[in-house]
Number of protein chains: 2
Amino acid sequence: MQTSHEQFRDLAWKSGLAATHQRQVIYEAVMAAPGHYSPEQIYAAVRRQTPSISLATIYNNLRLFVEHGLLREVSPRTSTLLVEGNLEPHHHLVCTRCKAVQDIEGDFINYKKLSRQAPRGFDLTQPLVEVFGLCRRCSAEK
Amino acid sequence: MQTSHEQFRDLAWKSGLAATHQRQVIYEAVMAAPGHYSPEQIYAAVRRQTPSISLATIYNNLRLFVEHGLLREVSPRTSTLLVEGNLEPHHHLVCTRCKAVQDIEGDFINYKKLSRQAPRGFDLTQPLVEVFGLCRRCSAEK
DNA sequence: TTCTTGGATGAGAATCATTATAATCCAGGA
DNA sequence: TCCTGGATTATAATGATTCTCATCCAAGAA
Ligand SMILES: [Mn+2]
Ligand SMILES: [Mn+2]
Ligand SMILES: [Zn+2]
Ligand SMILES: [Zn+2]
């Protein structure tokens, strides 16, 4: 069993990333407990260990880590608000790379299983979903 | 059959919203063709009819329309980036109101049906989804 | 050990979407 | 016609994120 230090050096090595002190502490801050964290939360945690770290370094390295698969981005977010007039319940297909959104038809959700998994009190009246993947253009390019 | 003017005046009336000229043209710009539109796109389209309109009015009224159900917001977006260290494929449950994100377990996706619906070339290797609803607190409050 | 060098970092400016503010406008009722 | 409250406008402010660039530093060369 390896320490989290060793684990990070390993992952960094495999991704071709230099295993700097800052990257080490950022990674460990995210891995310290399961959860979904913002750059500011990570910044706050990391500063306790390394007060001189810059917020830009947090952003730089979170992006790097996500790109190299060391971390996962929770919600691929479009940069801007999008609205539509189609009020018929329907789902969306979102490209994680270029953020393009298109409609997707079909009943591919098992609502019974879904509501069985939802926590008590969570309102799933008409649950809409977003499915993430890579659009044709992006999967061709990469 | 009613004109789109009449349709909007109807909807506005039902929602208790004043049917102003600006609201009329904003609504019609979104309804002119099916699609997912940003405030800037709508602004550009509307200015051709009503050059004096303000971008703030676009934002104000898109929000109002979404709140009153005249339009749908395509992707409920968190204000900030969120990352996590859990790389095991899993889905998320997102509150459309407070944007809280939590993990949801379980196999409630029919991948066969899903990939049958996806457009040609869309890469759905390991499709992750976000399910939208209202968390306990928000569904209690409202 | 000292030198060299390219990538990494830190500080702060810049950007972009969105929201807030406050003055003005205006439709509908008295 | 005059009033009034909500709507609109222009612009400032905000907040997250990215950019710029001077500085730093670790690892390899000499
Ligand atoms: Mn749609
Ligand atoms: Mn998660
Ligand atoms: Zn794409
Ligand atoms: Zn909520």
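Small disclaimer: the values here were computed from a predicted structure and weren't measured. Per chain, numbering begins at 1; letters A, B, ... match sequence-line order.
Between A:Y27 and A:F8, the ring planes are tilted. Angles from 30° to 60° get that label.
With rounding to whole Å, A:E73 atom CD is found 12 Å from D:dT17 atom C1'. When rounded to the nearest whole Å, the span between CD1 of A:I58 and P of D:dC19 equals 18 Å. When the P atom of D:dA27 is taken as reference, atom CH2 of A:W13 falls 12 Å away, rounded to whole Å. Atom CZ of B:R9 and atom P of C:dA27 are 12 Å apart (whole Å).
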Summarise how protein sits on nucleotides 5-24 of chain C as a single string, 5' to 3': B when a protein heavy atom is under 4.0 Å from the base, S for sugar-phosphate-only contact, - for no contact.
---SSBBB----SSBB----

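Under a 3.5 Å cut-off, the side chain of B:R23 and the backbone N or O of B:A18 do form a donor-acceptor pair. Looking at B:S54, its side chain does come within 3.5 Å of a backbone N or O of B:A56 through a donor-acceptor pair. No donor-acceptor distance shorter than 3.5 angstrom exists from the side chain of A:S75 to the backbone of B:L82, with no hydrogens or angles considered.
A side-chain donor from one of B:T50 and B:H21 sits under 3.5 Å from a side-chain acceptor of the other.
Here the side chains of B:H91 and B:F108 are in contact, with some heavy-atom distance below 4.5 Å.
Note on B:V94 and B:V74: separate hydrophobic clusters, where clusters join Ile, Leu, Val, Met, Phe, Trp and Tyr whose side-chain heavy atoms are under 4.5 Å apart, directly or indirectly.
Residue A:R136 qualifies as open at atom CZ: its count of foreign heavy atoms under 6.0 Å is 12 or below.
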When you compare the protein's N or O atoms with those of nucleotides 12-15 of chain D, which come within less than 3.5 Å of each other, and at what distance?
none

